[in-house]
Amino acid sequence: MAVPYNHRAIEAKWRVNWEKKPVNVNDGKKPKYYCLDMFPYPSGNGLHVGHWRGYVISDVWSRFKMLQGYYLIHPMGWDAFGLPAENYAIKKGVHPAKSTAENVANIKKQIQDIAAIYDWDMEVNTTDPEFYKWTQWIFVKMFKEGLAYEKEFPINWCPSCKTGLANEEVVNGCCERCGATVTKKNLRQWMLKITKYAERLLNDLDKLDWPEKVKKMQTDWIGKSYGAEVDFAIDGRSEKITVYTTRPDTLYGATFMVLAPEHALAASLATEETKEAVEKYIYDASMKSNVDRLQDKEKTGVFTGSYAINPMNGAKIPIWLSDYVLADYGTGAIMCVPAHDDRDFEFATKFQIPIIQVIAKDGKEIPSMTEAYTEASGTMINSGDWNGMESAVLKKEAPAMIEKMGIGKKTVNYKLRDWVFSRQRYWGEPIPIIHCPKCGNVPVPEEELPLTLPQVESYQPTGTGESPLAAIDEWVNTTCPCCGGPAKRETNTMPQWAGSSWYFLRYVDNKNADELVSREKADKYLPVDMYIGGVEHAVLHLLYSRFYTKFLCDIGVIDFDEPFTKLFNQGMITGKNGIKMSKSKGNVVSPDELVQDYGCDSLRMYELFVGPPELDAEWDDRGIDGVYRFLNRFWKLASDSLEANVPATKEMVKLRHKLVYDITRRLEGFSLNTVISGFMEYTNKLMEIAKKQGGIDKETIETAIVLLAPFAPHIAEELWEKAGHEDSVFHSTWPTADEEAMKDDEIQIPVQINGKTRAVISVPVDISKEEAIAKGKEAVADKLTGTIVKEICVPGKIINIVQKQ
RNA sequence: GCCGGUGUGGCGGAAUUGGCAGACGCAAAGGACUUAAAAUCCUUCGGAAAGUGAUUUCCGUGCCGGUUCGAGUCCGGCCACCGGCACCA
């Protein structure tokens, strides 16, 4: 009798052995495979079972790739700058540097419990000056290339975090981090010109093996639209107003024009009579936050008193101001075609502006419109020379026609805005810029980087729009690297996304003091082949990283312009009823006790067994018993069989190949939950056979151990050793299935009458259709009471007899 | 409002992409072993009806309809829940 499965002893033993003799070694000959987890920010709450899931998925995939003969790059690090870390430190009343270091140590210990095959020699930490030296270096490079610039304008401001935010960080008008309502604040900001890369960021999505959902979200976020800019003269004045439209086909239907209240010409368009109302409207709009604007669904507006001239037909159309027009999209001015746009229709109806239909719906003009007809399909009417054209065709051709006529030009527009890159907080990389009264903005010389974050007593946010760094005179006051005169340092810091936008490049050369990454190592080990993490970063981190990668490619640091070839988003683990695990809800399940009671191997397998990896799953502790029992059964089967050492039977060989085939296919398809059920199913079958034969042959058992190794590494390694191997199971190779050997001689196929199964017959696998049908009919003879109209036989699948009564 | 995703037993889920619906597991019930319990092993486990019984028949994958010899899977029309975007002209 074999000894019972003792997960504590086995796991402790192999933890030590692997530490002594790592299994993932680079012999310089194997091809590389870079499998990356989104690195965590070291929160004080530690890990829960949901965090485990992603790390287990990536580790299983990594070990699978290793067994397939790759040198694995599987690093881990810490995204330790930023608001969460700083807010936690403030709450606990300790310096963020201290709390961050403690949290890193804690989480590292917890992550090591997963027994993932991380290469800790590659570890990075974004708050390490040797790391953020390069975060700052990238900023300096961007500044020199004109991609980082200063601008003062009303930005999104979180009154709770007391800092400015990027557009990507505002969710439904609220702060992405804390949920507070975002307001507007006029601030001098550092911006990154991500818009310069809009077209490439959009087009290169095609190259990526990413979930369609994420690609779609990025596409929508970039928001490319095709249209035209059209110039409208102002009646009685020399200036003109340019509008942007995606529907130039409806130009004849433009019956008014609306400008954003912030438009440069807005105030000047007012007449004696409208002056007061116009100024009030502009003032009120400036006082409104974005959220107010969003919530006021009812349209407001004011007539300026001036008129524009429709360039197509010379019609005089009134110019209005309204805050439903956004100042920073297009030209901040629109032409309004109430007949064919919902918003314009609503506005025109409210302010009694004429509505002119220019596209016939179903060949007819709608007698009295109750809503806009927004489709670009139908024949043009009331449109001068354009009458009779198809709207869909005209929509495409009009921009070029307008350009020819000299009244505008063909244009594309993007929703993507430049990235607000400065934060008024302490815990981030200082922006390496010096403001010199003579020389202007001068970057800190590259050889002087890193510009380290000064130690301060008070790091709490000021709320004034100034960073806490501004209060440290000895740090702020410096000399200009250019002219040597007195100058002041930039006091804003970078957002959390700065370090995470490029950290994956640093892992492979994390100790390089002279370069961000050596070109040789970058060419050899990058980019990332598989990136695993939650979907919440679809338009934040993942977009920023793509932007950074393209920039670094353009300046020759690296030779590829997409960071992550393949992306996998794992679903979230929730508490009961799909409620997100959180400390405040009290539904957090910690992995620590589960590892103690059931072992790391059981928890790893259960994390996968709870459901398809890409979907959310509700955690239920009870289910882990199932995989624990399975591991016990597998342990017993394997150790008993290794002792018994029975010869292989045909049946065993067949099952062995089927097992390899099924597990490999499911694993490659990322159907990890069914891999686990597959192991259970085959183990049950093998146990049946073992009961009769006194065991299972060694080769089959060894094959199963190798297949199981990525999922339950400890037990696999222990059994592998018991089977007499001195080297690690991870130095064997992933088995391949011989499809010939899998074939059964006899197969079971159902016999149906009119699509309903009436019998199941056993037939030779190579039986002819005719014979199969004959046998099938025999089996259901007593139920064939009518006239047979059709006989269907799909070889190996089904027989269906269609009969009529 | 627009765009995605999901909907299958008491529960988590499976179904080789059009071919025996409910694999595998949890929970539950009954039994074996045990002085007893735990552990382990065996059996049952979608619903309804008929039969002493092995079994048989009908219904069943959110709802309604269609295509097909055959639909959880394909098509059309709805419903519910969960995400994303939301005055981008």
Side-chain angles (χ1 to χ4, degrees), chain A residues 4 171-173 211-214 216-217 219-221 223-225 227 243-248 250 254 258 293-294 296-299 322-326 328-337 340-344 346-347 374 413-417 535-536 538-539 571-572 574 578 605-606 609-612 614-630 632-633 636 661-662 665-666 669 671 673-684 691 748-760 789-794 796-803:
Chain A
V171 178
N172 288 328
E212 286 307 315
K213 181 186 170 170
V214 175
K216 180 83 172 36
M217 280 168 77
T219 302
D220 289 349
W221 190 261
K224 185 178 185 179
S225 67
V243 301
Y244 172 69
T245 178
T246 56
R247 294 295 303 275
T250 63
V258 176
R293 276 200 183 191
L294 274 172
D296 294 347
K297 284 283 176 189
E298 174 87 10
K299 300 228 174 335
S322 175
D323 63 8
Y324 84 89
V325 176
L326 305 174
D328 57 352
Y329 180 78
T331 62
I334 60 168
M335 67 170 206
C336 296
V337 186
H340 303 289
D341 181 280
D342 290 326
R343 295 150 304 183
D344 299 347
E346 189 194 328
F347 195 87
T374 56
N413 248 308
Y414 301 90
K415 287 189 198 175
L416 185 72
R417 310 290 152 87
V535 75
E536 65 273 16
V539 289
M572 203 177 26
T574 67
M605 291 191 85
Y606 185 54
F609 192 54
V610 287
E614 68 280 9
L615 298 182
D616 292 351
E618 282 180 28
W619 187 263
D620 181 356
D621 267 350
R622 286 179 302 186
I624 195 171
D625 284 310
V627 286
Y628 183 68
R629 286 175 196 143
F630 157 74
N632 273 284
R633 284 199 300 274
K636 190 168 183 317
Y661 181 85
D662 269 351
R665 202 194 70 228
R666 293 175 190 190
S671 180
N673 52 327
T674 64
V675 173
I676 309 299
S677 61
F679 276 125
M680 293 172 171
E681 209 175 329
Y682 279 98
T683 300
N684 292 346
K691 217 189 270 176
Q748 314 274 307
I749 59 170
V751 183
Q752 302 185 328
I753 297 176
N754 296 348
K756 293 213 163 106
T757 304
R758 294 302 174 203
V760 178
V789 283
K790 204 167 182 180
E791 292 167 343
I792 290 146
C793 175
V794 182
K797 294 262 184 189
I798 207 151
I799 295 167
N800 191 11
I801 316 286
V802 186
Q803 68 169 358

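Here is the naming used below: chain letters follow the sequence lines, and residue numbers restart at 1 for every chain. Note that the structure is a prediction, hence the values are computed from the model and not measured.
In this structure, A:Asn632 has no side-chain hydrogen bond (donor to acceptor under 3.5 Å, both in side chains) partners at least two apart in sequence or on a different chain. Listed by chain and number, the residues in a side-chain hydrogen bond (donor to acceptor under 3.5 Å, both in side chains) with A:Asp341 are A:Arg343 (sequence neighbours excluded).
Counting non-hydrogen atoms under 4.0 angstrom, A:Gln752 reaches a base of the nucleic acid. At the heavy-atom level, A:Phe679 lies nowhere under 4.0 Å from the strands shown. Among the atoms of the strands shown, none is found under 4.0 Å from any heavy atom of A:Arg666. Across all strands, A:Val794 comes closer than 4.0 Å to base atoms (heavy-atom distances). Nucleic acid contact for A:Ser322: none, since no nucleic acid atom lies under 4.0 Å from a heavy atom of the residue. Within the nucleic acid shown, A:Asp328 has no heavy atom closer than 4.0 Å to any nucleic acid atom.
The nucleotide whose nearest atom lies closest to any side-chain atom of A:Asn684 is, among B:G25, B:C69, B:A21, B:G25. When the nucleotides B:C42, B:C20, B:A86 are ranked by their closest atom to the side chain of A:Lys691, B:C42 comes out on top. In the set B:G19, B:G84, B:A89, B:A89 carries the atom at the smallest distance from any side-chain atom of A:Ser225. Between B:A89, B:A27, B:G12, one nucleotide has an atom nearer to the side chain of A:Arg622 than all others, and that is B:A27. Closest contact between the side chain of A:Lys213 and the listed nucleotides B:G4, B:A14, B:A89 involves B:G4. Checking B:C3, B:C24, B:A89 against the side-chain heavy atoms of A:Tyr329 singles out B:A89 as nearest. If you check B:C69, B:G25, B:G19 against the side chain of A:Met680, the one that comes closest is B:G25. Of the listed nucleotides (B:C41, B:C20, B:A14), B:C41 has the atom at the smallest distance from the side chain of A:Arg633. Closest to the side chain of A:Leu326, out of B:A89, B:G83, B:U40, is B:A89. Of the candidates B:G19, B:A89, B:A14, B:A89 carries the atom nearest the A:Tyr324 side chain, counting heavy atoms from C-beta on.
Look at the P atom in both B:A49 and B:G1: the space between them is 44 Å, to the nearest Å. Nucleotides B:U8 and B:A23 have their C1' atoms positioned 13 Å apart, rounded to a whole Å. Of the C1' atoms belonging to B:A80 and B:G66, the separation is 23 Å, rounded to the nearest Å. On the C1' atoms, B:A21 is 35 Å away from B:A39, given to the nearest whole Å. The P atoms of B:U43 and B:U55 are separated by 15 Å, rounded to the nearest whole Å. Comparing B:A28 with B:C82, their C1' atoms sit 30 Å apart, to the nearest whole Å. Rounded to whole Å, the separation between the C1' atoms of B:C75 and B:U67 comes to 7 Å. For B:C74 and B:G18, the C1' atoms lie 8 Å apart once the distance is rounded to whole Å.
Contact detail for A:Met680 and A:Gly626: the closest heavy-atom pair is CE-O, 4.1 Å. Nearest approach of A:Cys336 to A:Val258, heavy atoms of both residues: SG-CG2, 3.6 Å. Residues A:Ile799 and A:Ile749 approach most closely at CD1-CD1, 3.6 Å, considering heavy atoms. The two atoms that bring A:Thr757 and A:Gln752 nearest to each other are OG1-NE2, 3.5 Å, heavy atoms only.
Put simply, OH on A:Tyr682 is 17 Å from P on B:A14, counting in whole angstrom units. With rounding to whole Å, A:Arg417 atom CZ is found 14 Å from B:C85 atom C1'. B:G12 atom P lies 13 Å from atom CZ of A:Phe609, rounded to whole Å. Per the geometry, CH2 belonging to A:Trp619 stands 13 Å off C1' belonging to B:C26, to the nearest Å. Following rounding to the nearest Å, A:Lys299 (NZ) and B:A89 (P) show an atom-to-atom distance of 14 Å. The nearest whole Å value for the distance from the CD1 atom in A:Ile676 to the P atom in B:G13 is 15 Å. Taking atom CG of A:Asp625 as the reference point, atom C1' of B:G25 lies 11 Å away to the nearest angstrom. Distance NZ (A:Lys224) to C1' (B:C85): 20 Å, rounded to an integer number of Å.
Under a 3.5 Å cut-off, the side chain of A:Asn800 and the backbone N or O of A:Gly755 do form a donor-acceptor pair. In this structure a side-chain-to-backbone donor-acceptor pair under 3.5 Å is present from A:Arg666 to A:Thr674. Listed for the A:Asp616 side chain is a donor-acceptor partner under 3.5 Å among the backbone atoms of A:Met572.
Residue-to-nucleotide proximity on RNA chain B shows that, of A:Leu416 and A:Ile624, the 5′-proximal contact is made by A:Ile624. In terms of position along RNA chain B, the nucleotide closest to A:Lys216 lies nearer the 5' end than the nucleotide closest to the other residue of the pair A:Val760 and A:Lys216.
Checking the phosphate oxygens (OP1, OP2) of B:A39, no side-chain nitrogen or oxygen of A:Arg629 falls inside 4.0 Å. An OP1 or OP2 oxygen of B:G19 is reached within less than 4.0 angstrom by no side-chain nitrogen or oxygen of A:Asn800. Between A:Arg665 and B:U16, a side-chain N or O to OP1/OP2 separation shorter than 4.0 Å is absent.
Between A:Arg417 and A:Asp328 there is a side-chain heavy-atom pair separated by less than 4.5 Å.
Classified by interplanar angle (parallel below 30°, tilted 30° to 60°, perpendicular above 60°), the ring pair A:Tyr606/A:Trp619 is perpendicular.
Base orientation at B:U17 is syn, since its O4'-C1' glycosidic dihedral falls within 90° of 0. For B:G9, the base adopts the syn conformation, since its glycosidic angle falls within 90 degrees of zero.
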Query raised in the report: If pairs are Watson-Crick or G-U with both distances under 3.5 Å, what is the dot-bracket string of RNA chain B, marking crossing pairs with [ ] and pairs to another strand with |?
Result: (((((((..(((......[....))).(((((.......))))).(((((....)))))..(((((..]....))))))))))))....
